[in-house]
Structures are given as structure tokens and as C-alpha cells.
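What follows is one structure encoded as C-alpha cells, with my remarks underneath.
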Amino acid sequence: MQILGYYNYWVFAVLLMIGLYAVMSRPNLIKKLLGMAIFQAAVFLLYITMDKVEGGTAPILRAGVADEIYSNPVPQVLILTAIVVGIATLALGLAIVVRIHEEYGTIEEDEIRRQDRE
Amino acid sequence: MTAAAVLDAASWALLVGGGFFVFVGGVGALRMPDFYTRMHAAGITDTLGTLLVLTGVILQSGLSLATVKLLAIAIFLLLTSPTAAYALANAARLSGLKPGDAAADPDPEQRE
Amino acid sequence: MITLFGVFILSLLVITAIGIVRSTNLFAAVMLAGLFSLQMAAMFFILDAADVALTEAAVGAGVATVLLLSALALLDDEERRTRRSRWAAIAVSLATTLLMIYATFEKPRFGDPLAPANQHVAPWYLENTPELIDVPNVVTAILASFRGYDTLGELFVIFTAGTGVLFVLAQRRRDTRFARLPNADAQGLRHHLVPRVVGRLLVPFIVLFGLYVQFHADFGPGGGFQAGALVSAGFVLFALLEGERAALRVLPRRVLAGMIVLGALLFVGVGVAGMLLGGNFLDYSVLGATPVAGQHVGILLVELGVGITVTGVLLTIFHAFAARVSER
Amino acid sequence: MYYAAVIALLVTMALALARALLGPTVYDRVLAVNMFGTKTALLLSVIAFLYGRPDFLDLALAYALINFIGVLAVLKFVQDYTLRHPETDAGARPGAER
């Protein structure tokens, strides 16, 4: 169980780097945006992992139950707003990609660079 | 045997039965040879498994707000999943996918 | 046992993420991203974050897939195979992963109540919320009241992103000005009878559920962010079924723009009202007869402002993309 | 007792994920996503009871209501796609890995 306790952090690291790898190695702009979404999700996972308290329950207080352990509400507040901000910024990224496609006729990064040089 | 024990036993049976059907649906969706048979496997067990699992949980919840919510979940799932299955099959049929068409997976060599 | 379930879902997450990166078809990648979001929501729920899971559910299932698909409808859905060598990227990612995994051994054990993150401010919030604010949902109390200033900032980020999408996409395309014809694209799914009937039946329930989530936020998981995403999911469903024009007749663009501004103004207005009544900016305790009653009024209004702005922004973004698709 | 149902649901989710990764047609992937969504709604409602907090059923309710939207969005996307590209072999595209 000691090892399993670190598994969340390892998955965080792996997901983060899968996202980074997609952004670095794929010239396709939509793929880059999806990679960024994975990167973002990994950060959410890290924060929510840190909120868990052993034997605890979600921080919505129950009437009449004394000395219950509650998980940490602060990371939840941060991530809750970040998810909605994430979708809004993803939409902005998609809008820019759509405009790039209208101007260049492609969403492949190296193709766009080639056209810029000409 | 008390009433509570009977309820527990019934709920056990329903949950295990529901889990079995859900699992059968999953195997069918993976192993069946073409799209329409896969959908057949997934769609029917989806309905039955959902119903059994939710009934099993309802037996445990007693009469409370949770029962109403579970009933609402059951009703909405029973409305939407057959509709989604219908819409999907209809779209596949209209687009010209014939039963037996997608039988073979693409050559693994060609996939990246 | 629950920990093992978490480990299982986390492994599925990694497999899905690899699938997203490796698939050469963007449509397939978007479908896998939908699966990724479902798994994230289940994982958040297992980790005791009910509010976060509800947000991920509302955003991921209702809006994200639709937005990605409407963007994809304007682009090519096939990724061109690249000849570029990937070894540098693989090496950098792998090395960083190993370094980060090495660093995690310094982290406090998973679920440790004595971890610094759980010792700093969280116990104070948990202890004082019943007395100072008196709502059961501590997440809502922190979001709307203790850290209201922070939430205001997040709201303005969303506001700015919505405005940015409008700046980028709202301008008409030059070359298609004369070629605009009434086309089948804008008709939605009108001729699919069964989905249309069932979908129309669901729309009021989705909006009703959104309102429940909005106004029940003090007692259960919910709040303006989730409610905004849910209500806009209801309207997106309506637009998919009846065509975008029918949806714009119900909620025209002007109304949506008004909602974006109104929600943000409501939030700021509550803060300024607190100042005028002798408190600090976003200090709600002066708004009611007693400080606790004032907090209740303030939280209700602030969450309402968040809900209105989020609904407005998400629907504006959806319509901006959908208008591009039907112009083609 | 809940564990039996949770394990069955998790295994089924893995099977659905395998179907989504394998494809081969667009419809197989949509089927997998829809299946996964239903299973997530069930999983969340069972886990809410496992945790002894039935007030969290709201989450499962949210999925039961809006999981359907994704399928309809795909349907509309495919319909528009075949309208715009009438010449392509529709059974294989879009979404087929070639």
C-alpha cells in the first residue's frame, strides 16, 4: 500500500510528459491543443490528489455527525474554476487554429513555416 | 430471516446480476465481428444491466431523496441509451456501412 | 479497495492519453478525449472532490466534445504523417518523467492528514465555515466568500476568453460573402425523428437540473460554474436538434452578450454594494441584518453572476463556431 | 456487495476503451464512448453509496442527462461531413485509421 500511495503522483508525471511530448513532437496544431489539455488535466490530478485525506469524505458538512474527517477543500476550489477557464481557453485556441487554417489552408506547423518563408 | 436480510439478499442478487450483464455487454462490444452485432451486444445489455444495478442500489437506499434521484437516473438512462443506439445505427446505415463490412480490423502494420 | 479502483482508473487514463497522442485521425483523438474526461470525472469523485467531478462532467460531456467537433468540421480531420525525428522529444519527456518520479519520493504520503497542504489554511476554513458563513458546502463558502476576489479574477479570464473568440471568429469571411446559400447544415437533426422527440423532452430537464445545481450550491455539490456549463449544454442540445437558427431565436446573440456583461457586473456590483454599506470590497457580512444572513445573500448573488456569465460565454463560443460551419 | 458491481463496471470500462482504441469505424468509437458514459453514470451512483454519501447522486444524474449530447454532436458532424464530401466512401470515413 505504501507504493500505491505514490501511484497518483507517478501517473501525474507520466500524463504531464505525454502532454508535453504531444506538444513538442506533433506538428499538427489540434494535436498540440489536445496535448495541452492532457497537460492541464495532469495538473488538475496533482492538486486533487493532494486534497485527499485518509478516511475523509468530501468537504460538504453533514449535520449531526461529529468529528468526521473532511478532505481539503482549498485545492478543489482552485481546480473547479480552472476547469471552466480551461475550456474557455481551449475554445480560444481552437478559434485561432480555425483562422490559421483559413489563411494558410493547413494546420501543420512545418507547412505554415514553409509558407511564411516564401 | 428479517426483512432487512431479505432486502440485502435481493440487492446482492440484483447487483451481481447487473454486473454480470454489464460485463457480458462489454465482452460483446469487444469481441463481436462487425459494428451492428457489437451494437446489439452493447445496447441490450446496457438497458438490462442499468436497470438491475440501479434497482439493487434503490433497495439499499430506503425511501429518501436518493430513491427519487436514482429513479430519475434510471428513467433518463432508459430514455437516452436506446435513442443513442437508434441514432447511431441509423447514421451508420444511412452512410452506407453494411452489416459485415467492418468485419476485419485494419492491418496492424498500417496503423502507426 | 477504493484505492485499487483509483489505481485502475489511473492506468486507463494513461492508456487513453497515449491513444490520443498516437492516433493519426483527429476525429478518433477527439472521441478518446471524451473518454479521458469521463475517466477524470470518475477519478475526481473517488478522490473526494464531488464539486470538481460535477464540473468536469458538465464541461466534458456537454460542451468540450461539441466545441472540438465543430472546430474539426472546419479543418482536415487527418493528421499528416511527419518525417521529423521524434527522438529528441522522447528523450526530453522520458528524462523529465524520471526526474519527476524521483522527486515524488520526497512528497508526503498519499492521504496523509499531516501533509503541509492539509495543515495550512484548510483546517481553519473547515472549522470556521459553520460559524461565519453557515453553509454546509465548504467549497462553495471558500469559492464565493473567503476567496471571492480570486473567483472574480477567474470570471474575468473566462470573460476575456469569450471576447477573444468573438474577436477572432465573428468577422465575416471575405471570399464567401456571395456564396452564402440556405443550406442543410443549419437544419440540425430535424429529420431524425426519434432523437428529436427524446432530445426535446430532455432539454427542459437539463435546464431545470442546471438551475437546481445553481441554487442548491450551499447544500450539495454545485455552483455557478457547473450550472452555467449544464444550462449551456441544454441549449447546445436544442441547437443540435433544431438547427442553430432556432436556438438563436430563443437566445439571440445580443442577449448572450448582455448575459456575459450582466453576470460580471452583478459580481462586481455585490462587491461595490458591500463597500457602500461600510464594509470592504466583496465583504458580504454588511449586506444583511446579521453577518451570516448577509453572507447568504452575497453568496447567492455572486454564484448567480458566475452562472450567467459562464452560460453566456459558452453559448457565444458555440454559436461563433457553428456560424462558421454553416457559412462554408 | 457494491464491490461486485464496481469491479464489473470497471472491467467493462476497460473493454469499452479497448473498442474505442481499436476502431475501426467512426461508429465503433462513438458506441464505445456512449457505453463508457453510461457505465460512468452507474459507477458514480454505486460509489456514492459505497462512500455512504447518497447526496452525491447529482453527478450520476448529470451524466444520465447530458451524455447523450456527445452522440448527437457526432451524428450531426457525420451528417455534415457526408453532405460536404459526397464523393467519399462514407462507411470508412471519417474516423477510420488508414
Side-chain angles (χ1 to χ4, degrees), chain C residues 1-2 5 8-9 12 15-16 19 23-25 27-28 31-32 34-35 38-39 41-42 45-46 48 50 53-54 57-58 61-62 65-66 69-70 72-73 77-78 183-185 188-189 192 195 198-199 202 205-206 209 212-213 216 219-222 226 230 233-234 236-237 240-241 325 328, chain D residues 2-3 6-7 9-11 13-14 16-18 20-21 23-24 26 28-30 32-34 36-37 39-41 43-44 47-48 50-51 53 55-81 83-84 93-98:
Chain C
M1 198 64 179
I2 287 275
F5 296 156
F8 189 82
I9 294 182
L12 290 190
I15 296 171
T16 316
S23 71
T24 50
N25 183 284
F27 182 86
M31 290 289 98
L32 288 173
L35 285 182
L38 285 163
Q39 292 155 12
F45 189 56
I46 285 181
D48 285 348
L54 187 57
T65 313
V66 177
L69 283 179
S70 25
L72 218 54
D77 74 326
E78 202 67 31
N183 53 15
D185 283 10
L189 300 166
H192 289 272
V198 175
L202 281 181
F205 284 105
I206 297 177
F209 183 64
Y212 162 78
V213 165
H216 194 254
F219 306 101
Q226 294 94 326
L230 279 168
V236 166
L237 175 60
L240 287 174
L241 292 168
V325 176
R328 250 168 106 119
Chain D
Y2 299 121
Y3 288 124
V6 173
I7 291 171
L9 285 167
L10 283 175
V11 172
M13 282 160 102
L17 175 61
L21 287 171
V26 42
D28 287 295
R29 296 182 204 280
V30 182
V33 173
N34 189 40
F36 206 103
K39 300 301 174 279
T40 314
L43 183 79
L44 292 180
I47 288 186
L50 196 58
Y51 272 0
R53 305 282 312 249
D55 39 335
F56 294 156
L57 282 170
D58 290 3
L59 269 133
L61 195 52
Y63 268 130
L65 279 167
I66 62 177
N67 185 37
F68 180 57
I69 297 177
V71 179
L72 287 192
V74 172
L75 190 60
K76 180 150 189 304
F77 177 78
V78 173
Q79 175 188 306
D80 292 358
Y81 196 96
L83 277 176
R84 278 204 312 276
R93 295 185 51 86
E97 302 257 11
R98 288 168 310 158

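Small disclaimer: the values here were computed from a predicted structure and weren't measured. By convention in this document, chain letters (A, B, ...) are assigned in the order of the sequence lines, proteins followed by strands, and residues within each chain are numbered from 1.
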Got a second to check how far [X]'s [atom1] is from [Y]'s [atom2], nearest 0.5 Å?
X	Y	atom1	atom2	answer
C/T16	D/L17	OG1	CG	4.0 Å
D/L10	C/L12	CG	CG	7.5 Å
C/L72	D/F77	CG	CZ	4.5 Å
C/M31	D/L21	CE	CG	13.5 Å

**OP:** For C/F205, check ring pair (Phe, Tyr, Trp, His ring centres under 6.0 Å) against everything at least two apart and list the hits.
**Re:**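 Checked C/F205 against ring pair (Phe, Tyr, Trp, His ring centres under 6.0 Å); matches are B/F76.
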For [X] and [Y], work out which heavy atoms get closest and say how close.
X	Y	value
D/F68	C/P195	CZ-O, 4.4 Å
D/A20	C/L35	CB-CD1, 3.5 Å
C/A42	D/L44	CA-CD2, 4.1 Å
D/L59	C/A50	CD1-O, 3.9 Å
D/I66	C/A233	CG2-CB, 4.2 Å
D/A48	C/F45	N-CE2, 3.8 Å

Between chain D and each of [options], count heavy-atom pairs under 4.5 Å; write down the option with the most.
options	answer
C/L69, C/T65, C/V66, C/L38	C/L38
C/A57, C/A53, C/G19, C/G62	C/A57
C/P221, C/G220, C/G34	C/P221

Side chain, backbone, both or neither: which part of [X] has an atom under 4.5 Å from a heavy atom of chain D?
X	result
C/F219	neither
C/F8	side chain
C/L230	side chain
C/L32	side chain

Original post:
For D/I7, which residues count as a side-chain contact (heavy atoms from CB on, under 4.5 Å) partner, sequence neighbours excluded?
Top reply: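 Testing D/I7 for side-chain contact (heavy atoms from CB on, under 4.5 Å), a comparison that skips the adjacent residues, returns C/M1, C/F5, D/V11.
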Non-hydrogen atoms of chain C under 4.5 Å away: do they reach the side chain of [X], the backbone, both or neither?
X	value
D/L43	side chain
D/F36	both
D/V71	neither

Subject >> Whether D/Y51 side chain and C/I46 backbone form a donor-acceptor pair below 3.5 Å >> reply: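 A pair under 3.5 Å: yes.
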Original post:
Under a 4.5 Å heavy-atom cutoff, which of D/T40, D/D58, D/V33 has the most pairs with chain C?
Top reply: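 The option with the most such pairs is D/D58.
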Original post:
Pick from D/D55, D/L61, D/N67, D/V30: which one has the most heavy-atom pairs with chain C under 4.5 Å?
Top reply: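 Ranked by contacts with chain C, first place is D/L61.
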